[in-house]
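This report concerns only the one structure given below.
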There are 2 protein chains.
Amino acid sequence: MERYREKGFKLTPQRIAIMKFLEGNKNHPSAEDIYLYVRKTFPTMSFATVYNNLETLREKGHISSLSIDPERRRYDPDTSSHHHLICLKCKMVVDVHADFKVNVPEEQNTAFEVLGSHIEFYGTCPECK
Amino acid sequence: MERYREKGFKLTPQRIAIMKFLEGNKNHPSAEDIYLYVRKTFPTMSFATVYNNLETLREKGHISSLSIDPERRRYDPDTSSHHHLICLKCKMVVDVHADFKVNVPEEQNTAFEVLGSHIEFYGTCPECK
DNA sequence: GTCTTGACAAGAATCATTCTTAAGTGGTAT
DNA sequence: ATACCACTTAAGAATGATTCTTGTCAAGAC
Ligand SMILES: [Mn+2]
Ligand SMILES: [Mn+2]
Ligand SMILES: [Zn+2]
Ligand SMILES: [Zn+2]
């Protein structure tokens with residue numbers, strides 16, 4: 001946790017609670033999921049504080065935000081390059097850790113500077129089948 | 001255009017205008033883009049009508065909606081399987097037509113019924129570079 | 001022509017996210 | 001230990017995309 005201390009990044013109790021909740025969390029929670037959980041410990045916490053912290057954490061590269069669920073943004077403490085699988089029914093998101101070789105065709109690649117890629121798989125999870 | 005006539009699918013002038021705008025459109029427009037354009041011909045058209053029609057067209061499989069731009073939904077008349085490349089600066093979305101071999105690892109694949117996949121590439125377009 | 005089932009316009013409502021403002025606090029320097 | 005200041009917070013308002021509601025209308029079926 002100490003490694004997060006840096007210039008202009010203050011470790012407040014609310015922020016620590018959010019970071020603890022996210023640390024190792026594989027559920028790809030939404031801002032609301034985080035809010036509902038952290039509020040148990042900090043009943044006065046505001047929704048805006050959650051968003052502020054998520055944005056700050058994202059800026060600093062400690063978490064990433066996913067647009068795989070069209071209904072709400074999901075947050076992921078795992079910033080290593082990996083992919084996702086979403087259940088179209090219950091919207092559960094799980095990791096797909098595999099190194100796929102995907103490169104855009106050469107002619108597009110030269111004109112457009114490709115910085116990365118993300119694969120979203122969709123389907124039905126075991127519970128929803 | 002006649003091929004769209006089917007049970008419970010009425011061809012109204014507004015709908016035809018939306019379909020004409022989308023037909024062959026490679027810009028992946030948002031609902032607002034579509035609204036602003038079609039309104040030129042139908043000044044009384046409502047935003048809700050655009051959304052109603054997009055949802056109906058999507059249900060019938062004539063268009064697909066993309067969540068690649070986290071700020072707004074984009075619509076694509078090309079329903080064939082293809083991928084996308086988004087410019088992180090101007091949010092331009094272009095097609096990537098290539099057949100990548102991506103399959104989730106066996107153990108996930110059996111538990112989870114994978115129905116499809118979509119690759120989003122991100123980077124900087126020629127104009128924004 | 002009549003009927004039925006969508007489709008329409010208009011605007012209200014919803015919901016996620018962002019912004020604003022005033023008050024509070026962590027971390028650094030003194 | 002104290003003071004200071006930039007960053008953070010809470011609270012709520014604002015925004016913006018999307019969905020819902022309601023009364024009216026019209027396409028296509030018969
Ligand atoms: Mn993940
Ligand atoms: Mn496309
Ligand atoms: Zn499921
Ligand atoms: Zn660009």
Side-chain angles (χ1 to χ4, degrees), chain A residues 1-21 28-60 62-75 91 93, chain B residues 1-21 28-60 62-75 91 93:
Chain A
M1 196 64 86
E2 286 304 315
R3 71 199 165 88
Y4 293 117
R5 197 177 308 258
E6 59 191 77
K7 210 173 158 71
F9 187 80
K10 298 183 176 171
L11 287 176
T12 65
Q14 293 88 340
R15 178 165 294 170
I16 290 169
I18 291 171
M19 289 164 68
K20 279 230 182 82
F21 177 65
H28 307 89
S30 66
E32 189 180 14
D33 294 335
I34 297 165
Y35 173 62
L36 291 177
Y37 177 84
V38 179
R39 196 165 59 148
K40 287 192 235 164
T41 330
F42 293 90
T44 72
M45 152 136 358
S46 142
F47 221 133
T49 296
V50 174
Y51 277 107
N52 287 342
N53 277 296
L54 290 172
E55 176 55 16
T56 302
L57 288 167
R58 198 193 56 73
E59 272 175 5
K60 306 272 183 196
H62 297 137
I63 64 175
S64 63
S65 85
L66 309 179
S67 67
I68 188 172
D69 178 351
E71 293 176 7
R72 58 188 53 76
R73 223 162 280 172
R74 305 294 202 94
Y75 295 88
K91 305 297 162 63
V93 174
Chain B
M1 197 64 87
E2 286 305 313
R3 70 198 166 88
Y4 293 118
R5 198 178 306 259
E6 58 191 77
K7 213 172 157 70
F9 188 79
K10 298 180 179 173
L11 286 176
T12 65
Q14 291 89 341
R15 177 166 296 170
I16 289 168
I18 291 172
M19 288 163 69
K20 278 231 182 81
F21 177 65
H28 307 89
S30 66
E32 188 180 14
D33 295 334
I34 297 164
Y35 173 62
L36 292 177
Y37 177 83
V38 179
R39 194 166 61 147
K40 287 192 235 164
T41 330
F42 294 90
T44 73
M45 152 136 357
S46 142
F47 221 134
T49 297
V50 174
Y51 277 107
N52 287 341
N53 277 295
L54 289 172
E55 176 56 17
T56 303
L57 288 166
R58 198 192 57 73
E59 270 175 5
K60 305 275 184 195
H62 296 135
I63 65 175
S64 63
S65 86
L66 309 179
S67 67
I68 189 172
D69 179 350
E71 294 177 6
R72 59 187 55 75
R73 222 161 280 173
R74 305 295 201 94
Y75 296 89
K91 305 299 161 62
V93 175

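Chain identifiers are assigned alphabetically (A, B, ...) following the order of the sequence lines, protein sequences preceding nucleic acid strands; residue numbering begins at 1 within each chain.
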Mapping Pro13(B) and Glu32(B) onto DNA chain D by nearest heavy atom, which one lands closer to the 5' end?
Glu32(B)
Between atom [atom1] in [X] and atom [atom2] in [N], what is the gap in whole Å?
X: Ile16(A); N: dT9(D); atom1: CD1; atom2: P; answer: 10 Å
X: Asn52(A); N: dC19(C); atom1: CG; atom2: P; answer: 10 Å
X: Glu59(B); N: dA7(C); atom1: CD; atom2: C1'; answer: 13 Å
X: Ile18(A); N: dT9(D); atom1: CD1; atom2: P; answer: 7 Å
X: Arg58(A); N: dT18(C); atom1: CZ; atom2: P; answer: 9 Å
X: Phe47(B); N: dA17(D); atom1: CZ; atom2: C1'; answer: 8 Å
X: Tyr35(B); N: dT18(D); atom1: OH; atom2: P; answer: 14 Å
X: Asp69(A); N: dC15(C); atom1: CG; atom2: C1'; answer: 13 Å

On DNA chain C, compare the nucleotides closest to Glu55(A) and Thr44(B); which residue's is nearer the 5' end?
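The residue whose closest nucleotide sits nearer the 5' end is Thr44(B).
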With a distance cut-off below 6.0 Å to the six-membered ring centre and an angular limit of 45° from the axis, does Arg15(B) pair with Phe9(B) as a cation-pi contact?
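Geometry flag: set, cation within 6.0 Å and 45°.
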Within the distance-only criterion (no hydrogens, no angle test), does the side chain of Arg74(B) pair as donor or acceptor with the backbone N or O of His28(B) below 3.5 angstrom?
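The answer is yes, because a donor-acceptor pair under 3.5 Å joins these two groups.
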Tell me whether the OP1 or OP2 atom of [N] has a side-chain N or O from [X] closer than 4.0 Å.
X: Thr12(B); N: dC8(C); answer: yes
X: Arg73(A); N: dT18(C); answer: yes
X: Asn53(A); N: dT9(D); answer: yes
X: Arg15(B); N: dA7(C); answer: yes
X: Thr49(A); N: dA10(D); answer: yes
X: Gln14(A); N: dT25(C); answer: no
X: Tyr51(B); N: dT19(D); answer: no

Can you see whether Asp33(A) engages Ser30(A) through a side-chain donor-acceptor pair at a distance of less than 3.5 angstrom?
yes
Donor-acceptor pair between Asn53(A) and Thr56(A) side chains, under 3.5 angstrom
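No, Thr56(A) and Asn53(A) have no side-chain donor paired with an acceptor closer than 3.5 Å.
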Is it true that Lys91(B) and Glu71(B) have a side-chain N and a carboxylate O under 4.0 angstrom from each other?
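A salt bridge links Lys91(B) with Glu71(B).
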Of all the choices, dG27(C), dT17(C), dA27(D), which nucleotide is nearest to the side chain of Lys10(B) once you look at every atom?
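The answer is dA27(D).
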